[in-house]
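On a predicted model such as this, the values are computed, not experimentally measured, just so you know. The basis for the numbers below is simple: all heavy atoms, side chains too, and nothing from hydrogens, waters or symmetry mates.
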Amino acid sequence: GGGARPKGRLILMRGLPGSGKSSLVKSFSNADIVSADSFFTKTDPRTGEEVYNYNPKQAFIAHSRCQANVKKFMEAGRPLIVVDNTNIDASSMTPYAKLAIQNDYSVEFREPTTAWRFDVDTLARRNQHGVTAEAIEKQLKKYDQKITPTTLLEKAQTSLDRAAKKQAALYENARQSALMRGASGGGGTASSGGGVAAAAATGPSSAASLFRPGAGKAKASAVGGGNPAKRPHPSGTDDELDRLEKAQLEAAIKASLGEDSGAGAAPGDDRPKRRRVEDPTQVAFQLTAVPGQSERQEVRVIGDREVPYTTSLRDILRLNILESSVQFNYEYDLRWMVSQYHANSRKKPLLVVHGCDSGTAGAQRLQDDLGALGRPENIRLIKAPHLDQYGTHHTKMMLLFSQRGLRVVIGTPNMRSSDWECMTNAVWVSPVFPRRVKAVDKQDKCEEKPDTLGWDLWEYLSAYQGKGSALNQILRKVQAHDIGDVNGIRLVGSVPGRHRKESKAKWGHMKLRSLARCNLRSADDYDESEAGAAAAAAPPRVGSIRGERADFLVAQCSSIGSLGPEAKWLTTFKQSMAGGEDGRSGGMKFVWPTVEAVRTSSLGYSSGGSIPFAEATYRKQLWLRGYAHHWKAEWCERTPFSPHIKTFGRWSESDQRFRWLLLTSHNLSKAAWGELQAVQGVKNEQLFIRSYELGVFFPAPLVPLGVAGADDSASSCAPVPYDLPLERYGLQDEMWRWDGDWTVPDHTGKHKQGGQWVRTVRRSSDF
C-alpha cells in the first residue's frame, strides 16, 4: 500500500473454453501457472501422455486447490503467478484478489482477442475438453465484460473490511461481556471472577515475563487471574466463559459474517467451513484438514454418532480463549503460526521450543520471522537443552493454557502451512485438564499416579529442565493441572542421552516394548462371543497363524535413517513392537510411498522434500524393500497428499482392528528410537538416543474408519490414513528417495536432468 512497489504480479486469465487462453498462457515465461483443469489431468505412466477426465462433483475441490497454490506461491514470494481458469465473473476471481491484497501483489487481466471468443458454436468445436455448446452458453450469460482489475480489488477490499469490522465488533462485544461478568463475580468470588479482566488488561511486557527465567509468582497471577491453586474449578465464571466461547463467539459469528462466516474463520478466509470439533476425544486422533475437503470426507457416521475426524491448527488454537501457550516443534514458519491464533491470543505469552543452534540457517529463519513480526515481547525462543550433536528436536507438541485449564496437543506436522494443508498429518487433541485445587509443593515431585498419561508427560517435560531455563516454569504450570489417566492413553517419548538401568525402559523403543507387552496381557479378548473368547485366550505371535487369527506389525513414517547393511536393528525394533516376542519370524509391513506416488502427489516431487530417504542409504540397506507396501489412502481421498504422518501398530487381520496404535513424531531411525549398546562387555546395557521425539500410544482395540464395517462398529475408531489390506510393492515399484534420478516430469514440469532438478514448464496441476 501507499504506493509501495508490489512483491509480484498476479495475472488472472479470462475467457470461455476454446477462446485461445491456452495459447496465450504459453507466452508467459518464468511464471507459476495454476489451473483447475490440471486437477483433472493425469499422466499415463505407461505412455507418458496426459489424460483429461473432468468430474463436475470435484470442481469445487479443484478451484479450492488452485487458491491454495496461489497462496503458497505468494507466501514464497514468486514474482509472476498466472491463474489459467475461465474467471467469468467477480465471484470466481474475488478469492484471488483477496490473496493479492493480503500478500501485496498487483492484479492484471489477460483475455484472448480471437474473433470467435464469444461465438458459442465455434467455441464448442474448438475447445479441447469437450465442453458442450449448452454449457458454454450458460457461461457466456454470466460472463462479466465490464469488470476491471480496479473494480475487482475494490470489491475484494470491501469484503475484507466488512468481514474484519464485523468480526472485531463481535469479539469486542464478547470481551466486554466477559469483563462485565468478571467484575460482578459472574456467580463466583471476586478474586476468581477477576481472571478475565486481569488477562485482558495484561500488556505485552507483563505477558512476556511469564516465560522469563526467575519471573515471580505475582506476574504469573496477573496473567492467570489469581493463584490457580486457590481458585475452584469449574467455577461460575468459568461456566459463563464456556458459554461465551461456544454460544456467543461461535453462533454470533456464524450468523453475522455471511460469506466469511464459520467458527474460527479469519477475515477473507475462503476455505470451506468445517464443523468445529468441541469434543476431540470422539476419535483416537484427527487428520489435518486439506483444502477443498468436503463434509463427506471429514465426518463419518459411526452407529448413531457423527464423528468428525479432521481439524486444523486454526480450529485447535481457537477451541478455548488462550492465556498462554508453548510450542515444541522441529521447523517453524512463525508468521504463519501466529496468524492461526485468534487475534485476542496473539499478544499472550508464547514460548517456542526449537533445536536450532545459533548461526545455523534454521536459527536465522526464526530470527527473520521474529523480526517480520516486529519482535513482540510476548514471544520467546528457547533452544531445547542436552541435544546430541547429530540429533534433532523433532517433537511436535502444544501446551495450551486457558481459563478452563490445560489442553495438550501432540502430532506429526511441523509448524508450516504446507505440512498442515498440503500433506497428510494427524494430531491428538486432549480434553481440557482442570487446575488442581491444592497447590503443588515441589517441582521435582510428580503429583500424578505412575503409569498414567499425566506421569508420562511429567517425565518427558522433566528431561528439558536446566538451571535458569524458562522450561522449568512450564513444568510447574503443567503440574498445577490434574491430568491423570485418559482412557488408558500413554506417551512414548525419546530424549537424548545414554540411558541405563531404570531409565532405559522409560524411553524410545524400550518404552514401546513395555507398553506393547502390557497391552497384550490386557487384550486377551475383545470379541464378546463365547467362540471368540475361546479362540483368543491369548493373542497369536506376530506373523504366525492360529486357526484364522493372525497378527502383523505395521510401520509407517516419513523418513528412514541408516539402519545398517543387515536387519539387526530392525529385528530388535520388531521385538519391541511385538512386546518382547521374537521378531525374527517376520510379520512386519512397512508403508512407504513409491516414486510414482510422490510424482503424482499434490505438490509433485516437491512434497518428497519432506520425506527424506537418501539414495546412498537405500543402496546400503536394500533388504528394507522386502518389507515395503504402498502408501494409498483412497477411503479418505488422501492419496494425493503425501504422508508426513508417522504411525506404528499391531494389526489383527482376522478381527480387522489394531490391538494398539502409536501416533508419533518418531521415524524409522536409530537416532529417534534408540540403539541398544554394550557397556564394558555387557550387551544391551544402555539405550543410546540422539533426538527428542514424542508419540501417543492408544491401547486397543481401534477400528480404522477405512475398513469395511467400521461405520457399524461400537468400538473406538481411528482415521488411519492408509487403505487396508495393504498392497505389497510390485517388481516395477521404486521406493521414494529424495535425491534419486527421477527423469519423468511431475505435473509442475519438475524432474531431474543431468543430476539437477529442473522445471521445463512450470504448471501447477492443483493436484
How long is the gap from [atom1] on [X] to [atom2] on [Y], to the nearest 0.5 Å?
{"X": "L663", "Y": "K396", "atom1": "CG", "atom2": "NZ", "value": "11.5 Å"}
{"X": "D32", "Y": "R759", "atom1": "CG", "atom2": "CZ", "value": "6.5 Å"}
{"X": "F613", "Y": "W592", "atom1": "CZ", "atom2": "CH2", "value": "6.5 Å"}
{"X": "Q286", "Y": "D315", "atom1": "CD", "atom2": "CG", "value": "9.0 Å"}

* Can the ring centres of Y729 and H630 be said to be less than 6.0 Å apart? ->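 Between Y729 and H630, the centre distance is under 6.0 Å.
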Report yes or no: does [X] contribute a side-chain atom to a donor-acceptor pair with the main-chain N or O of [Y] at less than 3.5 Å?
{"X": "S494", "Y": "A672", "answer": "yes"}
{"X": "D746", "Y": "T748", "answer": "yes"}
{"X": "T600", "Y": "E596", "answer": "yes"}
{"X": "W742", "Y": "K750", "answer": "no"}
{"X": "T310", "Y": "A289", "answer": "no"}
{"X": "R737", "Y": "M735", "answer": "yes"}
{"X": "Y460", "Y": "V492", "answer": "no"}
{"X": "D419", "Y": "T412", "answer": "no"}
{"X": "Y390", "Y": "A671", "answer": "no"}

* Do S325 and Y341 get their side chains close enough for a donor-acceptor pair, meaning under 3.5 Å? ->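 Note: S325 and Y341 side chains meet the donor-acceptor criterion.
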* **Residues H129, F40; criterion side-chain contact (heavy atoms from CB on, under 4.5 Å); working and verdict** => CA-CA 10 Å; H129 300 316; F40 305 106; over 6 Å; no
* Asked: For W635 and Y309, what are the C-alpha separation, side-chain angles and deciding distance, and is it a ring pair (Phe, Tyr, Trp, His ring centres under 6.0 Å)?
  -> CA-CA 13 Å; W635 78 266; Y309 66 85; 5.4 Å; yes
* Asked: Could you walk me through whether H393 and Y330 pass the ring pair (Phe, Tyr, Trp, His ring centres under 6.0 Å) check?
  -> CA-CA 6 Å; H393 183 260; Y330 175 60; 8.7 Å; no
* Asked: Does a side-chain N-to-carboxylate-O contact under 4.0 Å join K752 and D741?
  ->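 Salt bridge flag = no for D741 with K752.
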* **Residues K632 and D723 bridged, charged N to O under 4.0 Å** =>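 Salt bridge flag = no for D723 with K632.
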